[in-house]
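Here the structure is laid out as structure tokens; the discussion comes afterwards.
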Amino acid sequence: MRIVDLRSDTITQPTPAMRKAMADAKVGDDVFGEDPTVNRLEEMVAERLGKEAALFVASGTMANMVSLLTHCGRGSEVILGDQSHIFFYEQGGSAALGGIHSRPVPNQLDGKLAFHDIEAAIRTDDIHFPRTRLILLENTHNRCNGSPLDVDYMHSVGRIAGSHGIKVHVDGARLFNAAITLGTKARDLAAEADSVCICLSKGLAAPVGSMVCGARDFVAKARRVRKVLGGGMRQAGVLAAAGIVALTEMVDRLKDDHANARRLAEGLAGMDGLSLDPDCVKTNIVYFEITRIDMQSQLLAEKLNTQGIRLLPSGPSRLRAVTNYHVTSDDIEYVLDVFSRVLK
Ligand code: TLP
């Protein structure tokens, strides 16, 4: 059966070039700082994001966790979107492991936090309040249609934070998707951030790995935090080698994923029983609602799955499709064809 897997871009398999680079990788003990391939990847990513240093970690969740624990002490407060991955999908780990208090403010439909909401959430100096330490942004914004946050917006939030002595962390799991669709450089999107994470294992198709980037002293502290979380890897160069290929060969092709997502959204928008606005789809993530009362997302996902089309329900009547390296434009036409048959 023809399979088209749109559950996530995390399902991507390493490319042949990655597998070769992994097999050939020169390695050493990275906890001793002796893995030349990890060191090279960290230098490359730091350079690419315009930061002094970078740290290779196991996952996007670990990258965010390490960043939060490095910025914040117990009882600190972070301002973050109520739809953000950190708030929604990371087990409340910053509270569980770091005693960090979350202050959620509403994400707008385009993934932004309204300036007045940020300002209003910043604590004044009062013995009753926790201290606001950090503002978190997510770019692109997963649960908000994969929306990219533009340079002006990132700068404005940086200015608000700076004027209050607060740091900014960017969950840039898909920062390169944002850069590609906005026609800007990832480093410009990250310029105001005190720390920024990127994932190599999503649209860039590396098998494992994320990066935490920031100033040299921040990354030195983050390296200690990674170690206490059990994230000090040894001959990790076999993984970093794939990350180097991801960074050098897989960024520009993200535009194909974006074009496929847009085509998928336009096709789905024309179908009875589904609702979405294709103009909201700017990167590789497509969310849509089912408007029929006889169909829930779980049921539709199951019906599609029997036809080889895999999607993730993300609410009782909401589903998500994520285009990725293994999905061609021809696959999208096939998916639309299957949808129209299943919905009949
Ligand atoms: N997101 C996954 C799921 O957890 C939902 C996905 O399939 O999209 N930040 C953002 C914005 C993410 O979307 C994700 C993964 C992470 C962080 C965490 O990355 P991993 O899965 O590597 O821990």
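Around the NE2 atom of His326, the shell of radius 6.0 Å holds more than 12 heavy atoms that belong to other residues, nucleotides or ligands. The environment of CZ in Arg123 is crowded: more than 12 heavy-atom neighbours from other residues, nucleotides or ligands sit within 6.0 Å. For Asp252, the CG atom sits in a loose shell: 12 or fewer heavy atoms of surrounding residues, nucleotides or ligands are nearer than 6.0 Å. A 6.0 Å sphere centred on CG of Leu109 holds no more than 12 heavy atoms belonging to other residues, nucleotides or ligands. Crowding of Arg40 atom CZ: a count of heavy atoms from other residues, nucleotides or ligands under 6.0 Å not exceeding 12. Summarising the local packing, CG of Asp24 is surrounded by more than 12 heavy atoms from other residues, nucleotides or ligands at distances under 6.0 Å.
Taking 4.5 Å as the limit, some side-chain heavy atom of Thr15 sits within range of a side-chain heavy atom of Met18. By the 4.5 Å heavy-atom criterion applied to side chains, Thr184 and Leu189 are counted as neighbours. Side-chain atoms of Arg320 and Ser8, non-hydrogen and from C-beta on, do get closer than 4.5 Å to each other. Put simply, the side chain of His164 reaches to within 4.5 Å of the side chain of Ile160, judged on heavy atoms. Looking at heavy atoms from C-beta onward, Val212 lies in side-chain contact with Cys197 at the 4.5 angstrom threshold. Counting only heavy atoms from C-beta outward, the side chains of Leu254 and Asn284 never approach each other to under 4.5 Å. Between Asn145 and Lys282, every side-chain heavy-atom pair lies at or beyond the 4.5 Å cut-off. Between Asn142 and Phe88, the closest side-chain pair of non-hydrogen atoms is not below 4.5 Å.
Side chain to side chain, Thr328 and Asp331 meet the donor-acceptor criterion of an N or O pair below 3.5 Å.
Of the possible donor and acceptor atoms, none in the side chain of His169 sits under 3.5 Å from a partner among the backbone N and O of Leu68. Thr132 places no side-chain N or O within 3.5 Å of a backbone atom of Glu77 that could act as its donor or acceptor partner. No side-chain donor-acceptor contact under 3.5 Å links Asn324 to the backbone of Thr12. Between the side chain of Asn139 and the backbone N or O of Leu175 there is no donor-acceptor pair closer than 3.5 Å. Judged purely by atom type and a 3.5 angstrom limit, Tyr325 has no side-chain atom pairing as donor or acceptor with the backbone of Pro14. Under a 3.5 Å cut-off, the side chain of Ser340 and the backbone N or O of Asp337 do form a donor-acceptor pair. Judged by distance alone, the side chain of Thr37 and the main-chain N or O of Ala240 form no donor-acceptor pair under 3.5 Å.
A salt bridge is absent between Arg174 and Asp257; no separation between the charged side-chain nitrogens and carboxylate oxygens falls under 4.0 Å. Taking 4.0 Å as the cut-off between side-chain N and carboxylate O, Asp150 and Lys112 count as a salt-bridged pair. Asp35 has no carboxylate O lying under 4.0 Å from a charged side-chain N of Arg234, or vice versa, which leaves the two without a salt bridge. Between Asp279 and Arg262, at least one side-chain nitrogen of the basic residue sits less than 4.0 Å from a carboxylate oxygen of the acidic one, meeting the salt-bridge criterion. A salt bridge does not link Glu192 with Arg159: every distance from a Lys NZ or Arg NE/NH1/NH2 to an Asp or Glu carboxylate oxygen is 4.0 Å or more.
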Verdict with reasoning, Ile180 to His258, per side-chain contact (heavy atoms from CB on, under 4.5 Å)
CA-CA 9 Å; Ile180 290 285; His258 300 171; 4.1 Å; yes
Trace of the side-chain contact (heavy atoms from CB on, under 4.5 Å) decision for Cys199 with Leu204
CA-CA 8 Å; Cys199 290; Leu204 305 185; over 6 Å; no
Please determine whether side-chain contact (heavy atoms from CB on, under 4.5 Å) holds for the pair Phe218 and Lys51, giving the CA-CA distance in whole Å, both sets of side-chain angles, and the decisive distance to 0.1 Å.
CA-CA 11 Å; Phe218 172 83; Lys51 300 294 178 202; over 6 Å; no
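Between Phe339 and Phe288, the two ring planes are perpendicular [angle over 60°; tilted spans 30° to 60°].
With Val66 as reference, Val225 is the one residue of Val225, Thr61, Val228 to meet the side chain to side chain contact (heavy atoms under 4.5 Å, CB included) rule.
A cation-pi arrangement is present between Arg318 and Tyr287 under the rule of less than 6.0 angstrom and at most 45 degrees off the ring axis.
The CG atom of Leu276 sits 12.0 Å away from the CD1 atom of Ile290 when rounded to the nearest 0.5 Å.
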